[in-house]
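Notes for the one structure printed next.
For reference, positions follow the sequence shown, starting with 1. Hydrogens, waters and symmetry mates are skipped; everything else that's a heavy atom, side chains included, is used.
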Amino acid sequence: MTITITTSNLNGIRAAKRKNMYAWVEERTPDLWAMQEVRAPQSEIDPIFGEIESLYGKNVTKQNEVCRIKGRAGVGLLSALPVTEQRFGLPGLTEDVDSGRWIESDVVTPEGYTITVVSVYVHAGNVEHADKMEQKFRFLDTMTERMRELQDAAASGGNQAVLCGDFNIAHTPLDIKNAKANEKSAGFLPEERVYIDKWLGELEYVDVMRDLAGEIQGPYTWWSQRGRAFENNTGWRIDYQFATPELADAARGFVIDRAPSYDARWSDHAAMTITYAV
């Protein structure tokens, strides 16, 4: 028995709907769908979630958190599998700018195992604005402690866990087209990349897509809207699924839905789906 888990930054759910996101939904219908940058009020999210549920043709458990700053962030989780518990936000982060960036669902797989699925949207940061980087590092520090708790629980026989989202960090030169030119850019700073080193090393998480793909260049998940970045495949891999070891061992394959052309995109990110045998 397998399940599919998708992570995708929508770059605005209303815009994604206008750009034919529903065609992708009908093709993929992932069992679990982690969304980032939903960027809409609850009054507009609810009917869109309802339309997505109708495309599934069955009940879907819906969860989301709207950012308290209008038009910013926002995360969602849709599950076609049973959900036993939902949690919202990172304990200890109470500022408006940190809202709409972290939610968790405990999901029961067809074989009866419960896994914790997280949708996370990390701050982008900006090297020209110290406060933006401070926000990002504060979030990363707090997130790392929650990741430690989830890993400790998994190692003690509790839920396995997978963190899905836009982490706004390219880990190594394999994850970015122009590594040298971006060494001083937010998203590829050494002090950002060391967090992923820690997650994969000390905390023993697995970068599931990289583990499946091997040491190849890319494949990327985000391309700047500027110039001809998409056409030239000048991209970044900043969308990940980081899983605890036992769940990562169950991964069987991945798909990155890079659109066939610039005009066919429904987001500046490509959705990434991983299949797990659980």
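With hydrogens and angles disregarded, no donor-acceptor distance shorter than 3.5 Å links the side chain of Arg28 to the backbone of Asp257. Side-chain atoms of Glu111 do not come within 3.5 Å of backbone N or O of Val278 as any donor-acceptor pair. Judged by distance alone, the side chain of Gln151 and the main-chain N or O of Arg146 form no donor-acceptor pair under 3.5 Å. Proximity of a side-chain donor or acceptor of Ser267 to a complementary backbone N or O of His269 within less than 3.5 Å is detected. With hydrogens and angles ignored, the 3.5 Å screen pairs a side-chain donor or acceptor of Glu192 with a backbone N or O of Gly187. In terms of modelled atom types and a separation under 3.5 Å, the side chain of Glu53 and the main chain of Val60 share a donor-acceptor contact. Between the side chain of Asp166 and the main chain of Asn168, a donor-acceptor pair closer than 3.5 Å is present. With hydrogens and angles disregarded, no donor-acceptor distance shorter than 3.5 Å links the side chain of Ser79 to the backbone of Val83. A donor-acceptor pair under 3.5 Å is formed between the side chain of Tyr56 and the backbone N or O of Pro30. A donor-acceptor pair under 3.5 Å is absent between the side-chain atoms of Arg237 and the main chain of Gly218, judged by distance alone.
In this structure, the side chains of Trp33 and Ile5 stay at 4.5 Å or more apart for every pair of heavy atoms. You'll find the side chain of Leu81 reaches within 4.5 Å of the side chain of Pro110, heavy atoms only. Residues Thr7 and Gln241 have side chains in contact (heavy-atom distance under 4.5 Å, counting atoms from C-beta outward). By the 4.5 Å heavy-atom criterion applied to side chains, Lys198 and Thr144 are counted as neighbours. Taking 4.5 Å as the limit, every side-chain heavy atom of Asp268 sits out of range of all side-chain heavy atoms of Ser224. Between Val38 and Asn64 there is no side-chain heavy-atom pair separated by less than 4.5 Å.
Every pair passing salt bridge (charged side-chain N to carboxylate O under 4.0 Å, His left out) that includes a residue from residues 86-97 is listed here, sequence neighbours excluded: Arg68-Asp96, Glu85-Arg87, Arg87-Glu104, Arg87-Asp106, Glu95-Arg138. Under the ring-ring contact (aromatic ring centres under 6.0 Å, His included) criterion, no residue pair touches residues 66-98, with sequence neighbours excluded. Screening residues 143-199 for ring-ring contact (aromatic ring centres under 6.0 Å, His included) gives Phe167-Trp199, Phe167-Tyr240, Phe167-Phe242, Trp199-Phe242 as the qualifying pairs, with residues at least two apart or on separate chains.
Partners of Glu246 under the side-chain hydrogen bond (donor to acceptor under 3.5 Å, both in side chains) rule, at least two apart in sequence or in another chain, do not exist in this structure. Residues satisfying the ring-ring contact (aromatic ring centres under 6.0 Å, His included) criterion with Phe254, sequence neighbours excluded, are absent altogether. Scanning for side chain to side chain contact (heavy atoms under 4.5 Å, CB included) contacts around Ala23 gives Asn20, with sequence neighbours left out.
Heavy atoms of other residues, nucleotides or ligands lying less than 6.0 angstrom from CZ of Phe137 number more than 12. When the shell of 6.0 Å around CD of Glu128 is examined, it contains 12 or fewer heavy atoms from other residues, nucleotides or ligands. Shown here is Asn232, whose CG atom has more than 12 heavy atoms of other residues, nucleotides or ligands within 6.0 Å.
Salt bridge Lys136/Asp98: absent, no basic N to carboxylate O contact under 4.0 Å. A salt bridge links Asp175 with Arg210: at least one charged nitrogen is closer than 4.0 Å to a carboxylate oxygen.
Asp46 and Gln42 share a side-chain donor-acceptor pair at under 3.5 Å.
Within the cation-pi definition used here (under 6.0 Å to the ring centroid, within 45° of the axis), Arg258 qualifies as a partner of Trp223. Cation-pi contact between Arg265 and Tyr262: present, with separation from the ring centre below 6.0 Å and deviation from the ring axis of at most 45°.
Here the CG atom belonging to Leu174 is positioned 8.5 Å from the CD1 atom belonging to Ile216, to the nearest 0.5 angstrom. Between the CD atom of Gln36 and the SG atom of Cys164 there is a distance of 8.0 Å, given to the nearest 0.5 Å. In this structure, OG1 in Thr244 is found 11.5 Å from CG in Leu203, a value given to the nearest 0.5 Å.
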